[in-house]
Amino acid sequence: MKIEGPAKAIAIYIGDSDHWHGKPLAAALVELAKKEGMAGATVTHGVMGFGARSRIHTTHILRLSEDLPVTITIVDKPERVESFLPKLDEMIQEGMVMTWDVQVEIYRTGKPTDSSA
Amino acid sequence: MKIEGPAKAIAIYIGDSDHWHGKPLAAALVELAKKEGMAGATVTHGVMGFGARSRIHTTHILRLSEDLPVTITIVDKPERVESFLPKLDEMIQEGMVMTWDVQVEIYRTGKPTDSSA
Amino acid sequence: MKIEGPAKAIAIYIGDSDHWHGKPLAAALVELAKKEGMAGATVTHGVMGFGARSRIHTTHILRLSEDLPVTITIVDKPERVESFLPKLDEMIQEGMVMTWDVQVEIYRTGKPTDSSA
């Protein structure tokens with residue numbers, strides 16, 4: 001899969017306590033992205049925030065709450081992102097999904113012969 | 001509040017040790033965003049970085065420094081972001097603020113009837 | 001250095017276990033960005049993800065794997081980013097690099113007289 005060139009990034013903002021069919025929603029979203037063959041996904045924990053639910057969440061070292069912000073970033077070609085977005089609709093009960101245009105400069109799977117770009 | 005559609009993201013890069021009126025600056029910025037009715041804010045801790053101050057910060061597990069990078073991401077409609085930015089001017093003594101155009105695809109507060117988008 | 005105005009952000013997605021000349025690749029990339037005089041760099045750890053290697057990585061509190069996702073975000077003027085990107089080519093054996101257009105609204109080094117922007 002060659003994805004270098006124009007692409008789209010998706011950022012999904014949900015809560016750490018959100019679940020989908022008994023599993024953490026962030027994990028379910030990463031697995032969906034994997035199953036759909038998306039080029040990549042990364043989950044990052046926030047330490048404070050608010051959003052669609054309009055609450056301020058916070059944590060301190062060694063005091064981890066159950067509902068801190070979680071961000072999932074997914075990247076692929078624009079047409080693949082467009083096909084992927086409707087699949088999120090049912091899973092995001094509370095939260096925000098945004099997209100923006102990016103340029104994939106390097107996408108490399110570890111084969112040294114990949115470096116012609 | 002309906003914010004789906006064209007929007008702007010703000011990313012604020014400051015240090016973990018920055019304060020504003022006796023309170024951590026990151027928390028003060030999230031509270032300001034909340035008070036101004038912004039659609040969402042998320043604070044993320046970095047583990048290494050440099051920026052306007054031009055120093056390299058780093059941490060290792062269980063060795064947390066006081067001045068690691070902190071990123072606050074805020075999203076809302078373009079005109080609301082434009083009104084919000086001047087309020088940051090006084091609070092950011094050292095650091096960087098950048099914005100970029102995004103598209104809000106889903107913004108949902110937990111009401112199932114919200115899913116027509 | 002005045003970088004307010006149109007700029008480009010770079011996001012580099014690699015693994016926590018990637019190394020470059022015996023040093024963690026994330027640290028090597030931050031040092032390169034510093035040496036090249038880039039305006040800022042921030043390293044963030046993810047808690048789950050997959051990418052060019054197409055594996056799902058995960059962690060739980062106090063159980064830290066060696067190959068979790070790491071994101072390095074770097075920002076500067078477009079022409080400086082264009083000059084910087086080729087330097088990444090050799091260092092990124094596996095992973096993804098993307099760029100997008102941003103606007104630097106505030107870039108401040110702590111000198112109060114900097115606030116004319």
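Letters A, B, ... mirror the listed sequences (proteins, then strands); counts begin at 1.
In terms of heavy-atom pairs under 4.5 Å with chain C, the best-connected choice from Val104(A), Thr73(A), Thr44(A), Ile74(A) is Val104(A). Contact count versus chain C (heavy atoms, under 4.5 Å) is highest, among Ala41(A), Ala26(A), Ala9(A), Ala7(A), for Ala41(A).
For the atom pair NZ (Lys8(A)) and CE (Met98(C)), the distance works out to 12.0 Å, reported to the nearest 0.5 Å. To the nearest 0.5 Å, atoms CD1 (Ile10(C)) and CD (Glu105(A)) are separated by 8.0 Å. Taking CD1 of Ile12(C) as the reference point, atom CD1 of Ile106(A) lies at 8.0 Å (rounded to 0.5 Å).
Contact annotation for Val75(A): only side-chain heavy atoms (C-beta onward) come within less than 4.5 Å of a heavy atom of chain C. Contact annotation for Thr99(C): both backbone and side-chain heavy atoms come within less than 4.5 Å of a heavy atom of chain A.
Taking all atoms of both residues into account, the shortest heavy-atom contact from Trp100(C) to Val102(A) is CB-CG1, 4.0 Å. The minimum heavy-atom distance between Tyr107(A) and Met96(C), with the atom names listed, is CD1-CG, 3.7 Å.
Applying the ring-ring contact (aromatic ring centres under 6.0 Å, His included) test to every pair with at least one member in residues 71-90 of chain C, sequence neighbours left out, gives no pairs at all.
Scored by the side-chain contact (heavy atoms from CB on, under 4.5 Å) test, Lys35(C) finds Leu32(C) as partners (sequence neighbours excluded).
Formation of a donor-acceptor pair under 3.5 Å by the Arg108(A) side chain with backbone atoms of Val97(C) is not found in this model.
By the neighbour-count criterion of 12 heavy atoms within 6.0 Å, atom CD of Glu90(C) is sparsely surrounded, having that number or fewer from other residues, nucleotides or ligands.
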